[in-house]
Structures are given as structure tokens and as C-alpha cells.
Visitor: 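This structure is in C-alpha cells; I'll ask about it shortly.
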Amino acid sequence: MKKGIFITLISVQLACFSQSLPTKFVATDQPSAPDYSLEKNWSALPFHPDKADAIPKAEKWVSDSLKDVDVFYIYPTLYSKGKTWCADVNDKKLNKRLDKLPVQFQASPFNQVARVYAPRYRQGIIKCFYDNTGTGEEALNFAYGDVKRAFEYYMEHYNHGRPVIIASHSQGTRHARQLLKDYFDTPEMKKKLVCAYIIGYRIFPEWYSVLTPCKEATETNCYITWASFKRGYVPEQGSLLVGKTCVNPISWTIDTIPASTSGGMLLSVKAKKRFKSTAEIHNDYLWVKTNTPFVQTWKVLHLMDYNLYWMDIRKNVALRVAEYMKKK
């Protein structure tokens with residue numbers, strides 16, 4: 001049963017289905033834009049029960065009223081088949097998958113110390129990443145427009161001067177890296193950024209004038225990225241997952257020394273059993289050895305970029321927030 005769930009997840013997120021898509025991208029042909037004043041257009045909000053609230057069994061929920069930091073989380077691609085280049089935020093089946101899978105596993109590591117905000121947005125279809133005509137890029141730029149509007153709404157109506165964490169994965173990171181450039185790549189706004197966990201999509205440090213990669217576990221006002229592969233596997237040249245920087249999510253350093261964890265999870269945040277992994281930086285990406293069921297045979301561990309190090313991320317967020325608040 002569990003193996004079946006993961007096969008389904010892979011097919012949903014990574015498979016490139018044949019599409020009945022228009023050849024050209026036309027903005028007015030896409031589903032209607034989300035209104036971010038409506039709660040239904042957020043997958044996660046503070047003081048609101050949602051999948052981002054998942055916590056381990058051994059923990060007690062910390063009230064959002066006690067958290068001094070916000071996290072703005074941008075989810076990855078699950079829109080795999082459709083007639084428009086960008087997804088409809090009113091698609092209930094897609095929203096259910098997004099909430100159950102990435103939001104639950106990728107936004108939840110931050111909920112111990114931060115209020116979680118996760119907007120729904122008209123994400124680009126998976127074909128965008130395989131398209132070589134420029135149409136996919138247009139669709140992704142269109143999707144970023146929603147993320148940008150959501151962030152501006154968050155800043156105006158929810159932030160109230162609070163420090164911010166940016167978190168993302170895959171297509172979400174494609175948007176998050178631009179969000180950092182547009183809003184945080186200045187000395188003033190860099191000070192507002194606790195840290196950015198922008199995972200699973202290529203990042204090049206030269207894109208930023210002020211922001212730099214984090215180099216140690218308690219550093220703040222910086223960004224973190226990695227891409228996970230089976231040890232010994234070399235991704236193809238030009239891979240969208242690999243840029244020119246990588247942080248080890250176990251040691252939180254940029255050296256090549258292997259680090260080990262027992263903080264991984266598979267299908268449930270509440271499960272008592274954790275899985276072991278060892279990760280080392282190799283050529284600006286991670287080589288990983290893991291005992292996680294099914295996953296240990298995969299060459300590309302993209303789907304598990306958060307799960308393999310879930311407890312490590314959770315602990316690190318708390319460390320960085322504590323360090324940030326000391327300096328404030």
C-alpha cells in the first residue's frame with residue numbers, strides 16, 4: 001500500500017503526460033486570478049487549522065500567538081495534466097493533493113517557531129519544464145505574478161513588521177529565488193530576512209547583489225539551497241535542479257565532509273519511526289545514502305528534499321530564529 005502511494009506521487013509530480021495544451025500561452029485564457037483577501041486562496045494561514053500544522057507525536061502544539069516570526073512558503077508542481085498552462089486555484093482535487101503532500105511535509109518543519117503562510121497560486125503545468133519553445137517560461141512567469149501578489153498582500157495585511165522566513169521547493173523555488181531578488185536583495189530588506197530555505201531548483205549566487213548563501217548553522221540574513229541525489233549518481237549537465245551553490249542540510253555547512261542524520265520521514269509527520277541518511281556535498285549538489293524504504297533505490301531524490309532531513313530542518317529553523325532574535 002505504501003509503495004503504491006509513492007508510485008502515485010511520483011507519477012503525479014514528475015511524469016510528463018501528453019497534453020492537450022494550446023501551442024501559445026495567452027494570459028487571458030488562464031483560470032481566474034486568486035483573491036488573496038479570501039482565506040480559501042491560502043493553503044495555510046496562522047490561527048487556522050490546516051495541513052501545515054502537522055507536528056510529531058512527541059511535541060505539543062505551540063500557539064501561533066507565541067511565535068515572533070512568519071514563514072512564507074511556496075509549494076512545488078503537482079499540476080501534471082490539464083488544458084491550460086497554469087492551474088486553477090479552485091481545483092479541489094489538486095488543492096487536496098497539494099495540502100496533503102508538499103504543504104504537510106514541507107511547510108510543517110517551520111511551525112514550531114513561525115506562523116505559516118502558504119498561498120495558492122496558478123502554478124505552471126509540469127510540461128513547462130520540458131518545453132523548449134519559450135511558452136513554458138511564459139507560463140512560469142505568469143505563475144510568479146500570483147506569488148508576487150500574494151506576498152505583497154501578506155506584507156500589507158499580515159506581516160506587521162515581523163521577521164520573515166522564505167521557504168520553497170522545486171517550482172516554488174523557481175518563484176522564491178525571484179521573490180528574493182525583487183524584495184530582499186537590499187541591505188534594508190536583508191535585515192528583515194531570518195533565512196530563506198529555497199530548495200530543489202538551481203540557484204546562482206551571482207544573481208544577487210547583497211544576499212549570499214548561508215555557511216553555518218546559526219547564520220541569518222542569508223539563503224540555503226540543496227538538491228538531493230543518490231550517492232554516485234551524476235545529474236545531467238544543465239539540470240534545472242543544480243546551480244552553483246549547495247548547503248548540507250544536516251551539518252548546515254558548505255564543506256564536503258559527510259554528515260549523518262536520523263531525522264528523516266516517509267509518509268507521516270506523526271510516525272515515530274525516523275530514517276537515516278548521510279549526505280555530502282559533491283559538485284554543488286548532495287550525494288545521499290539513505291535507508292528510507294523505496295527511496296534508497298532512487299537516483300534522483302528530488303521528491304524527498306525535505307523529508308530526508310525533516311527533523312534537521314525543524315531544529316535548524318529554531319536555531320536561526322533564536323539567533324536572529326538575539327541580534328534584533
Side-chain angles (χ1 to χ4, degrees), residues 1-10 12-14 43-44 49-62 71 73-76 78 96-114 116 118 165 167-170 172-173 197-200 217 224-231 247-252 258-280 286-320:
M1 180 65 178
K2 289 184 178 181
K3 186 173 182 180
I5 291 172
F6 256 78
I7 291 173
T8 300
L9 176 56
I10 295 168
V12 166
Q13 188 166 353
L14 292 182
S43 173
D50 49 56
K51 292 295 185 180
D53 296 341
I55 60 173
K57 275 191 173 181
E59 292 187 18
K60 291 184 178 181
W61 176 252
V62 177
V71 58
Y73 165 75
I74 312 167
Y75 51 65
L78 260 68
K96 187 176 181 179
R97 292 201 306 270
L98 286 164
D99 297 346
K100 184 179 180 180
L101 296 170
V103 173
Q104 179 175 193
F105 288 106
Q106 298 178 358
S108 60
F110 303 91
N111 65 30
Q112 186 179 41
V113 293
V116 181
I165 296 169
S168 60
H169 186 245
S170 198
T173 292
Y197 295 78
I198 49 175
I199 314 306
I224 296 164
T225 188
W226 64 79
S228 306
F229 299 90
K230 184 177 182 179
R231 180 180 290 169
V247 174
N248 189 316
I250 303 172
S251 65
W252 303 101
S260 297
T261 180
S262 297
M265 63 177 57
L266 187 61
L267 295 173
S268 173
V269 172
K270 295 181 180 295
K272 291 183 179 180
K273 185 173 179 59
R274 299 282 183 231
F275 299 99
K276 298 178 181 179
S277 297
T278 298
E280 61 185 283
L286 291 178
W287 267 359
V288 181
K289 182 179 181 181
T290 182
N291 72 343
T292 309
F294 320 124
V295 178
Q296 58 193 301
T297 62
W298 301 353
K299 293 180 179 179
V300 180
L301 303 177
H302 183 65
L303 288 176
M304 299 294 288
D305 272 328
Y306 273 78
N307 295 53
L308 290 171
Y309 328 104
W310 194 93
M311 287 301 300
D312 303 272
I313 297 169
R314 191 167 183 79
K315 292 174 183 177
N316 184 254
V317 174
L319 279 174
R320 291 187 201 272

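Since the model is a prediction, treat every value here as computed from it, not as a measurement. Residue indices begin at 1 and follow the sequence shown. Hydrogens, waters and symmetry mates play no part in the numbers below; they use all other heavy atoms, side chains included.
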Visitor: Within the distance-only criterion (no hydrogens, no angle test), does the side chain of W252 pair as donor or acceptor with the backbone N or O of N316 below 3.5 angstrom?
Guide: no

Visitor: Any chance you could measure I199, atom CD1, to H302, atom NE2, to the nearest 0.5 Å?
Guide: 11.0 Å

Visitor: Decide yes or no on side chain to side chain donor-acceptor pair (under 3.5 Å) for W310 and S108, but give the supporting numbers first.
Guide: CA-CA 9 Å; W310 194 93; S108 60; 3.2 Å; yes

Visitor: Checking side chain to side chain contact (heavy atoms under 4.5 Å, CB included) for the pair L78/L101: CA distance, chi angles, key distance, verdict?
Guide: CA-CA 9 Å; L78 260 68; L101 296 170; 4.0 Å; yes

Visitor: Assess the pair Y306 and Y197: is the distance between their ring centroids shorter than 6.0 Å?
Guide: no

Visitor: CG/N307 to CD/Q106 distance, rounded to the nearest 0.5 angstrom?
Guide: 7.0 Å

Visitor: Give the intermediate values and the outcome of side chain to side chain donor-acceptor pair (under 3.5 Å) for residues S170 and Y75.
Guide: CA-CA 8 Å; S170 198; Y75 51 65; over 6 Å; no

Visitor: I'd like to know whether W226 forms a side chain to side chain contact (heavy atoms under 4.5 Å, CB included) with N248, so could you lay out the CA-CA distance, the side-chain angles of the two residues, the decisive distance to 0.1 Å, and finally the verdict.
Guide: CA-CA 7 Å; W226 64 79; N248 189 316; over 6 Å; no

Visitor: CD of Q296 to CE of M304: how many Å apart, nearest 0.5 Å?
Guide: 11.0 Å

Visitor: Please report the shortest heavy-atom distance between D50 and S43, naming the atom on each side.
Guide: CB-O, 3.5 Å

Visitor: Does any part of the side chain of N111, heavy atoms only, come nearer than 4.5 Å to the side chain of W61, both counted from C-beta?
Guide: yes

Visitor: Do P109 and Y309 come close enough that some side-chain heavy atom pair is under 4.5 Å?
Guide: no

Visitor: Identify the heavy atoms of Q104 and A54 that sit nearest to each other, and give their distance.
Guide: CG-CB, 4.1 Å

Visitor: Working note: F105 + M265, criterion side chain to side chain contact (heavy atoms under 4.5 Å, CB included); need CA distance, chi angles, decisive distance, verdict.
Guide: CA-CA 9 Å; F105 288 106; M265 63 177 57; 3.8 Å; yes

Visitor: Does K276, at its NZ atom, have more than 12 non-hydrogen atoms belonging to other residues, nucleotides or ligands within less than 6.0 Å?
Guide: no

Visitor: Can a donor-acceptor pair be found, under 3.5 Å and without considering hydrogens, that links the side chain of D305 to the backbone of H169?
Guide: no

Visitor: Can you name the nearest heavy-atom pair linking S277 to V288, along with the distance?
Guide: CB-CG1, 4.2 Å

Visitor: Could you walk me through whether I74 and T173 pass the side chain to side chain contact (heavy atoms under 4.5 Å, CB included) test, one step at a time?
Guide: CA-CA 7 Å; I74 312 167; T173 292; over 6 Å; no

Visitor: Before we go on, tell me: are the rings of W298 and F229 under 6.0 Å apart, centre to centre?
Guide: no

Visitor: Mind checking whether K273 and F275 have side chains closer than 4.5 Å, heavy atoms only?
Guide: yes

Visitor: Between K289 and E280, is there a side-chain N and carboxylate O pair less than 4.0 Å apart?
Guide: no

Visitor: Would you mind reporting whether W287 and P258 have side-chain heavy atoms less than 4.5 Å apart?
Guide: no

Visitor: In chain order, what residues pass the side chain to side chain donor-acceptor pair (under 3.5 Å) check against T225, with sequence neighbours excluded?
Guide: none

Visitor: What are the two closest non-hydrogen atoms of I165 and V317, and how far apart are they?
Guide: CD1-CG1, 3.9 Å

Visitor: If you take all heavy atoms of S268 and R274, which pair is closest and at what distance?
Guide: O-NH1, 4.3 Å

Visitor: Between R231 and T278, is any pair of side-chain heavy atoms under 4.5 Å apart?
Guide: yes

Visitor: Closest heavy-atom contact between G263 and D312?
Guide: CA-OD2, 4.2 Å

Visitor: Should R314 and E59 count as an ion pair when the cut-off is N to O under 4.0 Å?
Guide: yes

Visitor: Within a strict 4.5 Å, meaning less than it, do heavy atoms of the P249 and T261 side chains meet?
Guide: no

